[in-house]
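Note on naming: letters A, B, ... go to the chains in the order of the sequence lines (proteins, then strands), and numbering restarts at 1 for each one. What's counted below: heavy atoms across the whole structure, side chains too, no hydrogens, waters or symmetry copies.
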Amino acid sequence: MPELPEVETMRRGILHLVGSRITGAEFPCGPKRPISTTPAPAAIVAGIRGGRLSAVERFGKRLALEITFPTRQRWLVIEPRMTGLMLVVPPPTTDHVRLVMHMRHAREQRQHPLVFWDQRGLGTLRLVDARGLDRACGQTTLGPDGLVVTGDDLSRALARSRRAIKVALLDQRAVAGIGNIYAAEILHRTGLDPRAACHRLSRQVWDRLADMTRAVLAEAVRLEGSSIGDELYQTPARRLGRFQQRHRVYGRTDQPCPTCRTAVRRIVQGQRSTFFCPQCQSRSGRRSS
DNA sequence: CGTTCAACCTGGGCGC
DNA sequence: TGCGCCCAGGTTGAAC
């Protein structure tokens, strides 16, 4: 579920908790249905209790909570994967509440839970120090952020690749934050065939692609992400995203392309669905002609 | 370098 | 009603 816009929305939706003390934490699902954590849940609870939430950062599709102690600091890196959500209001179900952090705000002395809820449980939690943060979220793992990526960045990372552009855009080492929804929407707005081979794309096309990547992701952040299908994705306050109203091809197999009315096609690339308009997206992005 | 497949999980929708 | 199958926003590691 969460791609860059959804994770950025989570970040913004919990920013007001910066300054709060973490007075306690629990893993309510227990060992019966564990999510992947490093270290084990008990060590995470011990490692964050008593600390102060001092920053909330986003690295691609990952959220990192900086937790400060008098003599050191740690980072709790949260990867929501398919169905993970950060919530500051009661969750959709009491099932699937993976982590509860009890926050006490500096001013209002009110206890306030911060919840990581994850239906499928594919999400991961890691508690690391500064070096661990670099390993988990540094440049070796993640390329430039999708909100600021340039044509230079994309061209440098991908112009020699023989992969299809759709598959390459999902490579987090090339550009961080694009997932299946936004790859489809970016390519439609660029007019590019998702099957076009990277090494055949012109420099102009890389520039257009980077421009469209920044524009689409920024607009999706503004609209608080995409809540599709069962509307599982919600903001920390449990509002629905609104970018799905702007989707042109994602999840719209056989429906008319909003630009040209041609039926949207679904194909499979790299074991994942690709949605595109065969009419609007016929450009192979050739260097010449 | 690439691709392909399986795995990690829950749950909704569909055809029979 | 139930069963089996396919699908879903992501990532990783193994095999070739």
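A:Gly121 comes within 4.0 angstrom of nothing in the nucleic acid, heavy atoms only. Among the atoms of the strands shown, none is found under 4.0 Å from any heavy atom of A:Ser36. Among the protein residues, A:Tyr250 comes within range of the sugar-phosphate backbone only, with heavy atoms under 4.0 Å from sugar or phosphate atoms but none that close to a base. Within the 4.0 angstrom heavy-atom criterion, no nucleotide atom of any strand lies near A:Ile35. Among the protein residues, A:Ser226 comes within range of the nucleic acid bases, having at least one heavy atom under 4.0 Å from a base atom. Within the 4.0 angstrom heavy-atom criterion, no nucleotide atom of any strand lies near A:Arg98. At a threshold of 4.0 angstrom between heavy atoms, the contacts of A:Glu79 are confined to the sugar-phosphate backbone, with no base atom among them. At the heavy-atom level, A:Asp230 lies under 4.0 Å from base atoms of the strands shown.
Residues A:Ile178 and A:Ala183 come closest through the heavy atom pair CG2-N, 3.6 Å.
The A:Ser273 side chain lies nearest to C:dA8 when the options are B:dT10, C:dT11, C:dA8. Comparing atom distances between the A:Leu232 side chain and each of C:dT11, C:dG9, B:dT4 picks out C:dG9 as nearest.
Here, B:dC9 and C:dC3 have their P atoms 23 Å apart, quoted to the whole Å. Distance noted for atom C1' between C:dG10 and B:dC1: 23 Å (whole Å). Taking atom P on both B:dG2 and C:dG9, the two are 23 Å apart, rounded to the nearest angstrom.
With respect to the salt-bridge test (charged N to carboxylate O, under 4.0 angstrom), the residues A:Glu79 and A:Arg126 qualify.
Between A:Thr83 and B:dG11 there is no side-chain N or O to OP1 or OP2 distance below 4.0 Å. Residue A:Lys61 has a polar side-chain atom (N or O) positioned under 4.0 Å from OP1 or OP2 of C:dT11. For B:dG2, the OP1/OP2 oxygens have a side-chain nitrogen or oxygen of A:Ser161 closer than 4.0 Å. Neither OP1 nor OP2 of B:dC9 sits under 4.0 Å from any side-chain N or O of A:His96.
Regarding A:Ile228, its CD1 atom lies at a distance of 13 Å from the C1' atom of B:dG12, rounded to whole Å. Atom CG of A:Leu125 is separated from atom C1' of C:dT11 by 15 Å (rounded to the nearest Å). With rounding to whole Å, A:Arg120 atom CZ is found 9 Å from C:dG9 atom C1'. What separates CE of A:Met82 from P of C:dG9 is a distance of 5 Å, to the nearest Å. Separating the CG atom of A:Asn180 from the C1' atom of C:dG9 is a distance of 8 Å, rounded to the nearest angstrom. Atom pair A:Arg272:CZ and B:dA6:P shows a separation of 16 Å (rounding to whole Å applied). B:dG2 atom P lies 5 Å from atom CZ of A:Arg163, rounded to whole Å. As rounded to whole Å, 16 Å separates atom P of C:dG9 from atom CG of A:Leu217.
No side-chain donor-acceptor contact under 3.5 Å links A:Thr190 and A:Arg208. For the residue pair A:Ser20 / A:His112, no side-chain donor-acceptor distance below 3.5 Å is found, with atom types taken as modelled.
Listed for the A:Thr23 side chain is a donor-acceptor partner under 3.5 Å among the backbone atoms of A:His102.
Taking a pair to require two hydrogen-bonding distances under 3.5 Å in either a Watson-Crick or a G-U wobble arrangement, C:dA8 pairs with B:dT10.
Comparing A:Thr141 and A:Gln271 by the nucleotide of DNA chain C that holds the closest heavy atom to each, the one mapping nearer the 5' end is A:Gln271. Residues A:Gly270 and A:Arg81 each lie close to DNA chain B; by heavy-atom proximity, the contact nearer the 5' end of the strand is made by A:Gly270.
Using cut-offs of 30° and 60° for the angle between ring planes, the A:His96 and A:Trp117 rings count as perpendicular.
Applying side-chain contact (heavy atoms from CB on, under 4.5 Å) to A:Pro92 and the options A:Leu232, A:Val97, A:Leu87 leaves one that passes, A:Leu87.
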